[in-house]
There are 2 protein chains.
Amino acid sequence: MHLSIDHNSNVPLHIQAEELLRKMIEDPQFRNGKFLPNEVELSKELQISRTTLRQALNKLVYEGLLVRKKGIGTKVSEKTVSSKSMNWKSFSQEMAARGIPIRNFELHISWVKPQEELVHFFDIKPEQKVLKLERLRGRPEGPFVYFVSYFHPAIGLSGEEDFKRPLYEILEQDYKVIATLSKEEISAKAADNFIGGKLEIDAGSPVLFRKRFVYDQDEKPIELNMGYYKSDSFIYTVESRR
Amino acid sequence: MHLSIDHNSNVPLHIQAEELLRKMIEDPQFRNGKFLPNEVELSKELQISRTTLRQALNKLVYEGLLVRKKGIGTKVSEKTVSSKSMNWKSFSQEMAARGIPIRNFELHISWVKPQEELVHFFDIKPEQKVLKLERLRGRPEGPFVYFVSYFHPAIGLSGEEDFKRPLYEILEQDYKVIATLSKEEISAKAADNFIGGKLEIDAGSPVLFRKRFVYDQDEKPIELNMGYYKSDSFIYTVESRR
DNA sequence: TATTTTAATATGTACAAACATATAAAACAT
DNA sequence: ATGTTTTATATGTTTGTACATATTAAAATA
């Protein structure tokens with residue numbers, strides 16, 4: 001395997017280097033605490049300056065994928081698999097990573113008048129309708145999450161999407177919108193009759209409630225998502241560093 | 001107010017610059033979408049090179065405190081207050097930030113034989129005892145979290161701590177251990193009789209269960225923490241960027 | 001043999017310089 | 001008045017260079 005960088009590409013060198021490093025990290029040869037070649041060697045091999053290489057390395061260190069130590073070297077983190085990118089995987093990917101096959105039980109799309117919270121969040125006029133997406137998803141044996149999602153009118157998914165592709169992929173490829181920032185609120189709730197019915201559990205059973213505010217790179221609101229998770233089949237994981 | 005950098009200090013210039021920028025961000029003059037002086041000006045004012053300044057800026061951009069745009073400038077993020085640092089505030093600080101006064105209802109310290117999970121997590125011998133810390137905390141009106149925390153024997157808090165200072169402060173100042181990485185698992189549970197009794201709620205009521213694995217900068221395990229949060233008085237928040 | 005010193009190695013810090021590119025405002029032409 | 005081109009501004013990219021410092025292993029010394 002010979003990784004190389006295209007100096008004539010319009011993609012910045014440190015971005016290309018970052019991608020190559022990500023591939024190296026995935027490689028079993030380097031995974032689990034193995035050391036990368038040192039910076040001088042690597043920069044020679046990739047034919048970029050040490051400064052540019054360090055730009056790429058720094059980003060991966062921030063993300064927690066790499067651990068560097070003065071005088072020793074740079075190794076792949078043992079304690080972290082995908083770091084915060086976890087939160088950015090699509091729901092299907094998240095589940096796939098845990099070896100859980102996913103099924104869609106219900107899918108309903110409609111245009112609705114926004115509630116006050118939505119008017120405020122999206123900063124739109126009250127008469128402007130927004131796209132509402134309801135989904136019931138889970139394992140083949142039964143559903144374990146019910147969620148309702150609202151989108152900014154400017155995105156306005158056509159409603160004819162197949163939703164077989166992950167949502168974030170549809171947004172990136174078809175609408176050139178990249179979800180960059182997400183704020184989430186997580187709490188425990190007792191299922192009411194409606195949610196209990198959807199998730200096939202008794203009313204009163206504990207569910208994990210997750211409310212998610214999604215913004216793009218310019219901090220403009222994209223999506224508001226509210227999900228109810230069956231507590232015995234879903235654990236929410238968070239990783240953070242400082 | 002004149003911020004300045006000490007070139008004779010043994011603290012790296014980009015770290016000093018980072019601290020100054022953090023103070024600027026806190027300043028009402030710059031908060032909420034206001035623009036910072038441009039890089040060339042700032043680097044002249046601080047008497048450091050643009051490269052060094054950008055090193056500091058990059059870190060804050062990565063944390064989400066600053067938003068930069070080519071051709072425009074660098075501004076303080078409007079959507080983010082403290083970003084991921086939120087997860088690193090002590091519990092008391094977290095609550096203080098929400099205007100909630102905190103009281104300790106119970107505090108119990110003991111040395112116990114570690115369970116299998118602890119032996120594995122801390123990578124110690126089964127006969128090595130670990131410090132167990134149980135706390136019941138909450139508002140003056142009543143408790144809303146009960147947690148049990150175990151510490152690595154190498155840290156071995158003397159047991160004579162007053163625990164009036166935040167835990168992370170005790171660890172940093174007295175034990176020179178800096179908690180750098182945290183992995184958390186969050187789920188919804190139904191309170192059993194014990195937890196229900198502690199939190200003064202009916203057994204069966206939903207509680208937020210938070211299990212937290214804490215590591216230091218070298219990825220060595222420090223603490224394992226398990227908390228039960230009364231669902232109607234605590235919402236867990238997460239912010240993430242990519 | 002045990003201890004100390006030294007050297008090799010790898011990352012950390014810092015600056016200077018040059019050019020590229022996105023954005024908004026000003027100048028210009030229609 | 002409106003659309004286009006230019007220009008000023010600010011961040012983005014990339015390289016080169018020099019020296020500092022933490023760590024480990026090897027060499028020198030007691």
Side-chain angles (χ1 to χ4, degrees), chain A residues 4-21 30 33-62 65-77 176 178 180 216-220, chain B residues 4-21 24 30 33-62 65-77 176 178 216-220:
Chain A
S4 73
I5 281 187
D6 181 6
H7 282 257
N8 298 318
S9 158
N10 56 342
V11 179
L13 300 183
H14 72 270
I15 302 283
Q16 289 186 55
E18 190 190 322
E19 291 310 316
L20 289 185
L21 287 168
F30 292 108
K34 293 250 177 65
F35 280 89
L36 299 183
N38 71 63
E39 296 180 353
V40 179
E41 251 181 70
L42 246 181
S43 64
K44 267 184 197 157
E45 200 179 312
L46 301 182
Q47 300 193 59
I48 56 176
S49 71
R50 189 179 155 218
T51 318
T52 304
L53 174 64
R54 276 180 67 83
Q55 217 176 132
L57 286 169
N58 276 330
K59 205 165 168 192
L60 298 174
V61 170
Y62 280 142
L65 292 169
L66 296 178
V67 179
R68 271 194 292 188
K69 215 161 183 186
K70 200 192 272 191
I72 307 284
T74 306
K75 66 171 184 176
V76 178
S77 169
K176 307 296 171 204
I178 298 171
T180 306
D216 71 4
Q217 61 268 48
D218 294 325
E219 307 199 333
K220 286 201 274 276
Chain B
S4 72
I5 281 187
D6 180 6
H7 281 257
N8 298 320
S9 157
N10 56 341
V11 178
L13 300 182
H14 73 270
I15 301 283
Q16 289 187 57
E18 189 191 322
E19 290 311 314
L20 289 184
L21 287 168
M24 284 176 79
F30 292 108
K34 293 249 177 64
F35 281 89
L36 300 182
N38 71 62
E39 296 180 353
V40 180
E41 251 181 71
L42 247 181
S43 64
K44 267 184 197 155
E45 201 179 313
L46 301 182
Q47 301 193 60
I48 55 176
S49 72
R50 191 179 155 220
T51 318
T52 304
L53 175 63
R54 277 180 67 82
Q55 214 176 134
L57 286 169
N58 278 331
K59 203 165 168 192
L60 299 173
V61 168
Y62 189 80
L65 291 169
L66 296 178
V67 179
R68 273 193 291 188
K69 214 161 183 185
K70 200 192 269 191
I72 307 286
T74 306
K75 66 172 183 175
V76 178
S77 170
K176 307 297 172 206
I178 298 169
D216 72 4
Q217 60 269 47
D218 294 325
E219 307 199 333
K220 285 200 273 277

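By the salt bridge (Lys or Arg N to Asp or Glu O under 4.0 Å) test, B/K69 is found to be paired with A/D218, residues two or more places apart in sequence or in another chain being considered. With sequence neighbours left out, A/Q55 forms a side-chain contact (heavy atoms from CB on, under 4.5 Å) with A/H14.
If you take NZ of A/K59 and C1' of D/dT13, they are 14 Å apart, rounded to a whole angstrom. Here D/dT13 presents its P atom at 12 Å from CD of A/Q16, a figure rounded to the nearest Å. In this structure, B/D6 places its CG atom 12 Å from P of C/dA14, rounding to the nearest Å. The CG atom of B/L53 sits 15 Å away from the C1' atom of C/dA16 (whole-angstrom rounding).
Side-chain contact check for B/E39 versus B/L57: some heavy-atom pair is nearer than 4.5 Å. A/L46 has its side chain within reach of A/L20: a pair of non-hydrogen atoms, C-beta onward, lies under 4.5 Å apart.
Rounded to 10 degrees, the angle between the two end axes of the helix from C/dT1-D/dA30 to C/dT30-D/dA1 is 10°, with five pairs used at each end.
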Where protein sits on nucleotides 4-11 of chain C, one letter per nucleotide: B base, S sugar-phosphate only, - none, heavy atoms under 4.0 Å: -----BBB

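Closest to the side chain of A/T51, from the set C/dC15, D/dG16, D/dT13, is D/dG16.
Listed by first and then second residue, the salt bridge (Lys or Arg N to Asp or Glu O under 4.0 Å) pairs involving residues 4-18 of chain A are A/E18-A/R22, A/E18-A/K59 (not counting sequence neighbours).
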Check nucleotides 6-8 of chain D for protein N or O atoms closer than 3.5 Å to its own N or O atoms and list the pairs.
none

